[in-house]
Amino acid sequence: MEIKTETGHPTQSSSFWKHPFPATWRLRRRRRWARSCPDEMEDGVSTYTVDEALVSMGFGKFQAFVLAYSGMAKISEAMEMMLLSFVGQSVQAEWGLSAQEESLITSVVFLGMLVGAYCWGLVSDNYGRRVGFNFTALVTGGAGLLSAFAPNYSSLILLRFLVGVGLGGGPVLSSWFLEFVPAPNRGTWMVIFSAFWTIGTIMEASLAWAVMPAFGWRWLLALSSLPSFALLLFYPLTLESPRYLCMKGRIADALHVMETMARVNRVALPSGRLTSGHRMELHEISDSSETAQLISARKTNPADHASKSGIGGLNAILRLLSPKFN
């Protein structure tokens, strides 16, 4: 709609100035506001989400146990990776392998990690975080121990590939740990969690220094698999991620986990009812039409956008190849 000014020039109606900011910005602002209000009412009852409950409980004894458990998995992963630099030359000398065959012992582990990273992600998303990291520990520990008894080169390659498949599920445990940590503190605790990798490398180097000269590479492979079996030993004490349970609609199970956490940490849950956090904010439906218009406006001329992207990428390559960057 257009209106005429005193000079006769057309201008936009006052509805344009009613919302000076884009619809997408206003929609995001309403969503952030809704998430920051734990006392929001739903059917006359106050509700709260998993993130709001975690913030109210803070980091306590339960999270410390989760950190120790997932840290043990990080140590196991570091030890299995670090031993590759110790056993290669010993196996080569014992079995008379070529340089290519010796390097394949290391490369096949990374190939297995490529396969495992995809597979364990699907398993943990469909069947739960606990199921995911339980099988990763079982595969890593079992294949690691059996590789110590490998009778020939082919069986050793196969077993180390399976170790790599198990190691590919390492991110499942880190995700499981972070889903128990309050959102404002996740960055700090992720840094602390990463320190367990350094502990694992130091432990493996010390173990290799003590074991290899006297007992050989087979004992090193066997002892390096022990942290994975420690994960299986304490597995019954772990709980499923409440965030995952809410995503699957299992609100009652998620509430049971949250109550256990509150009891261990000796704090109280927020008053009200636990919800999955998927809320419909006010005016979101009306704003969706405005958002759709903005998106359609951006897609009006995809050819120009593609050409500009191509020119920008070409300019970036030319700058990298220029003498100034060499």
Side-chain angles (χ1 to χ4, degrees), residues 66-85 87-88 103-150 153-181 186 190 193-194 196-197 200-201 204 221-222 224-250 253-254 257:
V66 175
L67 174 62
Y69 187 88
S70 55
M72 180 61 69
K74 198 71 172 178
I75 290 175
S76 173
E77 181 180 355
M79 293 180 68
E80 291 289 350
M81 295 296 297
M82 189 67 179
L83 67 81
L84 298 175
S85 60
V87 301
S103 62
L104 185 59
I105 299 175
T106 300
S107 303
V108 74
V109 176
F110 294 99
L111 178 61
M113 292 177 66
L114 179 64
V115 176
Y118 178 78
C119 296
W120 298 124
L122 294 177
V123 170
S124 63
D125 285 341
N126 291 301
Y127 301 101
R129 312 291 191 248
R130 292 181 76 244
V131 175
F133 65 69
N134 180 47
F135 278 100
T136 58
L138 183 63
V139 172
T140 303
L145 180 62
L146 290 176
S147 62
F149 302 95
Y153 175 75
S154 300
S155 60
L156 179 63
I157 290 296
L158 176 61
L159 291 170
R160 297 314 296 177
F161 172 78
L162 293 178
V163 169
V165 172
L167 293 177
V172 175
L173 265 164
S174 61
S175 301
W176 175 73
F177 164 65
L178 290 178
E179 288 177 356
F180 285 101
V181 178
R186 283 173 186 164
M190 188 61 190
F193 171 74
S194 300
F196 283 95
W197 177 276
T201 57
E204 183 64 25
L221 291 177
S224 298
S225 65
L226 293 181
S228 296
F229 289 106
L231 295 176
L232 298 175
L233 180 63
F234 292 100
Y235 173 77
L237 301 178
T238 61
L239 297 177
E240 184 57 87
S241 165
R243 178 185 294 274
Y244 168 80
L245 295 174
C246 285
M247 288 173 54
K248 294 298 182 179
R250 299 163 57 183
D253 294 336
V257 173

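Keep in mind that the numbers below use all heavy atoms, side chains included, and drop hydrogens, waters and symmetry copies. Index from 1, following the sequence.
Residues L159 and A143 approach most closely at O-CB, 3.6 Å, considering heavy atoms. When all heavy atoms are compared, the tightest approach of W197 to K74 is N-CG, 3.7 Å.
Residues that satisfy the salt bridge (Lys or Arg N to Asp or Glu O under 4.0 Å) test with E77, not counting sequence neighbours, are absent from this structure. Every residue was checked against the side chain to side chain donor-acceptor pair (under 3.5 Å) condition with T201, not counting sequence neighbours, and none meets it. Not counting sequence neighbours, the partners of L237 by the side-chain contact (heavy atoms from CB on, under 4.5 Å) test are F65, F234. Judged as a salt bridge (Lys or Arg N to Asp or Glu O under 4.0 Å), and not counting sequence neighbours, the contacts of R129 are D125, E179. For W176, the ring-ring contact (aromatic ring centres under 6.0 Å, His included) partners at least two apart in sequence or on another chain are Y69, F133, F180. Qualifying side chain to side chain donor-acceptor pair (under 3.5 Å) partners for S228, counting only residues two or more places apart in sequence or in other chains: S76. Contacts of F193 classified as ring-ring contact (aromatic ring centres under 6.0 Å, His included), with partners at least two apart in sequence or in another chain: F177. Residues meeting the side chain to side chain donor-acceptor pair (under 3.5 Å) test with S225, sequence neighbours left out: none. Under the side chain to side chain donor-acceptor pair (under 3.5 Å) criterion, T238 pairs with R130, not counting sequence neighbours. In this structure R250 satisfies the salt bridge (Lys or Arg N to Asp or Glu O under 4.0 Å) test together with D253, sequence neighbours excluded.
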Please tabulate, for the side chains in residues 105-114, all donor-acceptor contacts under 3.5 angstrom to protein atoms that are two or more places apart in sequence or on a different chain.
unit_1, atom_1, unit_2, atom_2, d
S107, OG, S103, O, 3.1

I'd like to know whether F161 forms a side-chain contact (heavy atoms from CB on, under 4.5 Å) with V165, so could you lay out the CA-CA distance, the side-chain angles of the two residues, the decisive distance to 0.1 Å, and finally the verdict. CA-CA 6 Å; F161 172 78; V165 172; 3.9 Å; yes
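The side-chain hydrogen bond (donor to acceptor under 3.5 Å, both in side chains) analysis of residues 160-170, with sequence neighbours excluded, yields the pairs E80-R160, S147-R160.
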